[in-house]
Amino acid sequence: MARIITVGAAQLGPIARVETRAQVVDRMLALMNEAKRHGCDLVVFPELALTTFFPRWYMESQAEIDSFFERSMPGPDTQRLFDAAKRLQMGFCLGYGELADDGGRTRRFNTAITVDGTGRVIGKYRKIHLPGHAEHEPWRRFQHLEKRYFEVGDLGFPAFRASFGEGREGILGMAICNDRRWPETYRILGLQAVEMILIGYNTPVHNPPAPEHDALSHFHNELVMQSGAYQNGAWVVGVAKAGNEEGVEQIGNSIIVAPSGEIVAACTTAGDELAIARCDLDLCASFKNTIFNFARHRQPEHYRMIVERRGAVPPA
Ligand code: ING
């Protein structure tokens, strides 16, 4: 039986700072119900999907900062999402700010989980590539303080098995936003035979340190996910928090990419929108068993030798 997973990229439009979690969850449930009507097995939400993208502001009050984090998952505000997964027999991937108590020590991560169609958490990831800066930089039109508010993720890039009923099981992985720009993200998951990578993001059009890149924000968004997909023979689902959010224009451009690198579905608005694709996981084999057959064609021993020789260019 073909392992076809129908996936909904559930893009969210702007979330205002004053918007309550209940209001956001209402929006997410509307997308989940629409996805079910279209036969989706899985819905993917953006990074930090429950609140506005708060790292754009410099804050000093820990209580204010922590108001953007979840202390439990599911918690009172998100239980309805888990209930919907069970009712609809449809999984979801959710990005959120995680406040964890680690033996009395409070830790904060930019986290994503995957929940299956029975309402069980089957995958968890904590963002590793934290972009931006840690101190207030008033020269910027807006801040990007992920290095201030989050620790670097400590779970690696774990791939995990997910079952979508009737023998349709696949190997999934997650990444978050800036992770998608780094080839290591895809390759570490690729070395675990990943077949679909779920990635939520909040990406401002304007990047203060490099405004010359702004016009290429959509191109770079597609480039990195198309190459990551193709070079590892995996599906990639990239989902935006889009639109003008608290005065900052964030790209939409949510896409579903096939293992061939082709974009097979895309959002066309900057609001709440579903892009849906029937993803045949067996397509991965056409790339994993030929051009990107790691066992036959990769040469890690040679890479190591070149690195140890301090680069391939011989000294003058
Ligand atoms: N956001 C951005 C991203 O990597 C960024 C950071 C903004 C990079 C603008 C380049 C240009 O998509 C997050 N949250 O990582």
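The chain is numbered in sequence order, starting from 1. In listed order, ligands and their atoms are each counted from 1. In this text, all values refer to a predicted model and were calculated from it rather than measured experimentally.
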Protein contact of atom 12 (O) of ligand 1 - nearest heavy atom, named by residue and atom, plus distance: T203 OG1, 2.6 Å

Atom indices of ligand 1, in the order listed, that fall short of 4.0 Å to a heavy atom of F53: 14 (N)

Regarding Y58 and E60, is there a side-chain donor-to-acceptor distance under 3.5 Å anywhere? yes

Within the side chain of D179, is there an N or O that forms a donor-acceptor pair under 3.5 Å with the backbone of I176? yes

Are any side-chain N or O atoms of Q250 and backbone N or O atoms of K241, one a donor and one an acceptor, separated by less than 3.5 Å? yes

Just jot down the ligand 1 atoms closer than 4.0 angstrom to any heavy atom of N178, in number order. 3 (C), 4 (O), 15 (O)

With heavy atoms and a 4.0 Å threshold, my read on which part of R181 contacts ligand 1 is side chain

Consider side chain to side chain contact (heavy atoms under 4.5 Å, CB included). Of V115, V121, L81, which one does L94 pass it with? L81

Which of parallel (below 30°), tilted (30 to 60°) and perpendicular (above 60°) describes F68 and W57? tilted

Would you say K127 contacts ligand 1, with heavy atoms under 4.0 Å as the rule? yes

Which option out of L216, V205, N202, I199 puts a heavy atom nearest to atom 1 (N) of ligand 1? N202

For E146, counting its heavy atoms only, list the atoms of ligand 1 lying under 4.0 Å from any of them. 13 (C), 14 (N), 15 (O)

Contacting atoms of ligand 1, where contact means under 4.0 angstrom from a heavy atom of H144: 1 (N), 6 (C), 13 (C), 14 (N)

Under 4.0 Å, heavy atoms only, figure out whether ligand 1 is touched by the backbone of E47, its side chain, both or neither. side chain

Between P204, C177, P131, flag the one that comes closest to atom 9 (C) of ligand 1 by a heavy atom. P204

Can a donor-acceptor pair be found, under 3.5 Å and without considering hydrogens, that links the side chain of E98 to the backbone of N110? no

Looking at ligand 1, does R180 have a heavy atom less than 4.0 Å from it? yes

Can you check whether H206 has an N/O within less than 3.5 Å of an N/O in ligand 1? no

Do E195 and L172 make a side-chain contact, defined as non-hydrogen atoms from C-beta onward lying under 4.5 Å apart? no

H144 side chain to E146 side chain, donor-acceptor N/O pair below 3.5 angstrom: yes

Judging by distance only, is a nitrogen or oxygen of N207 under 3.5 angstrom from one on ligand 1? no

When the ring planes of F287 and Y230 are compared, do they come out parallel, tilted or perpendicular, using 30° and 60° as the limits? perpendicular

Is the shortest distance from a heavy atom of H220 to ligand 1 less than 4.0 Å? no

